[in-house]
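Input: a single structure, listed below in structure tokens.
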Amino acid sequence: MTVKVRFAPSPTGFLHIGGVRTALFNWLYARHVGGEFHLRIENTDTGREVAEATEQIKESLAWLGLDWDGEVTFQLDRMERCQVEARRLLEEGKAYEDEGAIRIRMPDEGVTGWDDAVRGRLEVANDTLDDLIILRSDGRPTYNFASPLEDWLDGITHVIRGDDHVSNTPKQIRVLEALGADIPVYAHVGNVLGTDGKKLSKRHGAVGVDEFRREGYLPEALVNYLALLGWSYDDRTTIMSRQELVERFTIERVIARPATFDYEKLEWMNGAYLRALEPNAYAGALTTFLGEQGLDWDDELARRTVPIVREKLVKLGRYPEYAGFFFHDVTPDAKLLDGLVLAAAEGAIASLDPFETPEIEQALRSLSDSLGLKPRQVFQSIRVAVTGTNVSPSLFESIELLGREKTLERLRSAAALADA
RNA sequence: GCCCCCAUCGACUAGCGGCCCAGGUCACAGCCCUUUCAAGGCUGCAGCGCGGGUUCGAAUCCCGCUGGGGGCACCA
């Protein structure tokens, strides 16, 4: 039997990082076993802006590389089928009418249980189960009816979802039984928590996927990081490619406990991925990112900054402030400038030939000797003058790339600033 | 209030009765490299929530407590 899983977000907002983790686990499992991963939009509640949210969700998944099989389905499209099935249950005596709505009968004695793939045996006393409304008086199905019904129609074999659905599961199992459907395997993963220990939600700031994209995270890094939230391969492996993740992912190694999302570790991992990129791929990611940021910076120049920038950047979002001086004028802080040093530096490198890193370095080093100053004192003033900040990429290489003309120009105007 | 789930360093986790006076990663601290630094290298700090059992032996099994999370709609 082919494994079929689904990711079923409701289109009430943008895709959250917690939801993405759920989608990822489903996707990894499907790809691992060679099964299918379906995307279903649970829009039973005819909310506004459904289309926009749906597009956003699809775009986020696509960006992360979580491709789905077949067409995206919408719960709303199966409303009629839900009504047909509800009437059938009515006729079979498994459901009854109540104030215009239809309720399904739940057993009063015994327990409803299942073998959860991550939690083991779970059971709930049936007397805690109310007769669930499956069809509202206006004819629309409720979530706990439509969702399992669709799982059945789609032939879903494994339901991998968040912790918060545990209490829905016995209800859905009873619905499925009444329908005469097979019960899928359920796997309930611990929720992703914010730094405050609360379940991640819209109110927690930058948790939307598009937000991470805007900040310059690589999808590979985000995927790798998320995979490690509630799952692990062994006791020492941290960095894993998408392919390795697919090869190694099993539900058996998913744990039940909730996990706190840690931005710092994500940043570290993103930096690791960035540094591992081939220069060409790095340049591609960078220019694409800058384009998405609406920064109309010269692609060719951006490509040339890659070698001197890649070692230190943790996320692309830091690039504009770290390397922006290559693309626009700077306004250095006069307090950090030494007019004498700058004037001397201008003279020291004005006529260098070739105007390249080794020559520049040599010239500036002998300058600090002749001025009787420590290299850092000299270099720091020049750095501020040329890059506009005291934190920048390697100074000599930056000067080479910036070029003679611009460098001299900046040294000159900074010197003027310093004297003033 | 009722129901359910969870519980190892600050965070993510390994551990499925002896290999653990608990291993890895992030963070943090110190040192090194060095033209700054957000990078790199090395070293270090830090944990089995508490109390009872079971067992020759428990982070690992059982019970209770505490703590945290989730759910109790004609929401999804």
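Chain naming here is simple, since letters A, B, ... match the order of the sequence lines and numbering starts at 1 in each. Values in this document were obtained by computation on a predicted structure and should not be read as measured data.
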Identify the nucleotide, in any strand shown, that forms a Watson-Crick or G-U wobble pair with B:C42, with both distances under 3.5 Å; if there is none, say none.
B:G30
A:Arg310 CZ to B:A38 P, in whole Å, measures 20 Å
Base, sugar-phosphate alone, or nothing: which one does A:Pro9 contact when heavy atoms must sit under 4.0 Å apart?
nothing
Between B:C6, B:C37, B:A27, which nucleotide has the shortest distance from any of its atoms to the side chain of A:Lys312?
B:C37
Look at all strands and tell whether A:Arg318 reaches a base, only sugar-phosphate, or nothing, counting heavy atoms closer than 4.0 Å.
base
For A:Thr237, which contact category applies under a 4.0 Å heavy-atom criterion: base, sugar-phosphate, or nothing?
nothing
Considering every strand and a 4.0 Å limit on heavy-atom distances, what is the contact class for A:Gly162: base, sugar-phosphate, or nothing?
nothing
How many Å lie between NZ on A:Lys171 and C1' on B:C74, as a whole number?
13 Å
Watson-Crick or G-U wobble partner for B:C2, using a 3.5 Å limit on both distances?
B:G71
Salt bridge (charged side-chain N to carboxylate O under 4.0 Å, His left out) between A:Glu123 and A:Arg121, worked out
CA-CA 7 Å; A:Glu123 287 181 346; A:Arg121 186 70 189 171; 3.3 Å; yes
Once you apply a heavy-atom cut-off of 4.0 Å, does A:Asp130 come out as touching a base, just sugar-phosphate, or nothing?
nothing
Should A:Ser232 be listed as having a side-chain N or O under 4.0 Å from OP1 or OP2 of B:A14?
yes
Under 4.0 Å, heavy atoms only, any strand: does A:Ile133 hit a base, just the sugar-phosphate, or nothing?
base
Any chance the side chains of A:Arg303 and A:Asn280 put a donor and an acceptor closer than 3.5 Å?
yes
Indicate, with a heavy-atom threshold strictly under 4.0 Å, whether A:Asp164 touches base, sugar-phosphate, or nothing.
sugar-phosphate
Between B:C12 and A:Thr260, is there an OP1 or OP2 to side-chain N/O distance shorter than 4.0 Å?
yes
Between B:A39 and B:A76, how many Å separate the two C1' atoms, rounded to a whole number?
45 Å
Looking across every strand, which nucleic acid part, if any, lies under 4.0 Å from A:Phe396 by heavy atom: base, sugar-phosphate, or nothing?
base
Please report the distance, rounded to the nearest Å, between CZ in A:Arg257 and P in B:C12.
7 Å
Report which part of the nucleic acid A:Glu99 touches: base, sugar-phosphate, or nothing (heavy-atom distance under 4.0 Å, all strands).
base
Tell me what A:Asn144 touches on the nucleic acid: a base, only sugar-phosphate, or nothing, going by heavy atoms under 4.0 Å.
base
Verify the contact: side-chain N or O of A:Arg140 to OP1 or OP2 of B:C74, cut-off strictly under 4.0 Å; return yes or no.
no
For A:Val314, answer base if it contacts any base atom (sugar-phosphate contacts may also be present), sugar-phosphate if it contacts only those atoms, and nothing otherwise; contact means non-hydrogen atoms under 4.0 Å.
sugar-phosphate
Considering only B:G24, B:C12, B:A76, which nucleotide approaches the side chain of A:Tyr143 most closely?
B:A76
Surrounding CD of A:Gln362 (heavy atoms of other residues, nucleotides or ligands, distance under 6.0 Å), is the total greater than 12?
no
Considering only side-chain heavy atoms of A:Ser137, which listed nucleotide, B:C74, B:C26, B:A76, is closest?
B:C74
Would you jot down, in residue-number order, the residues of residues 364-386 of chain A having a non-hydrogen atom under 4.0 Å from RNA chain B?
A:Arg365, A:Arg376, A:Phe379, A:Gln380, A:Arg383
Does the ring centre of A:Tyr29 sit less than 6.0 Å away from the ring centre of A:His158?
yes
Side-chain atoms of A:Val391 come closest, of B:U36, B:A14, B:G40, to B:U36
With heavy atoms under 4.0 Å as the rule, sort A:Leu395 into base, sugar-phosphate or nothing.
base
Name the nucleic acid region contacted by A:Thr238, choosing base, sugar-phosphate or nothing; use a 4.0 angstrom heavy-atom cut-off, strictly under.
sugar-phosphate
Using purine N1 to pyrimidine N3 plus N6-O4 or O6-N4 for Watson-Crick, or N1-O2 and O6-N3 for G-U wobble, each under 3.5 Å, what pairs with B:C61?
B:G53
What residues in residues 146-160 of chain A put a non-hydrogen atom under 4.0 Å from any atom of RNA chain B?
none
Classify A:Arg253 by what it touches in the nucleic acid, base, sugar-phosphate, or nothing, heavy-atom distance under 4.0 Å.
sugar-phosphate
Give a yes or no on whether the ring-centroid distance for A:Phe261 and A:Tyr263 is below 6.0 angstrom.
yes
Picking from B:A14, B:U36, B:G70, which would you name as closest to the side chain of A:Asn191?
B:G70
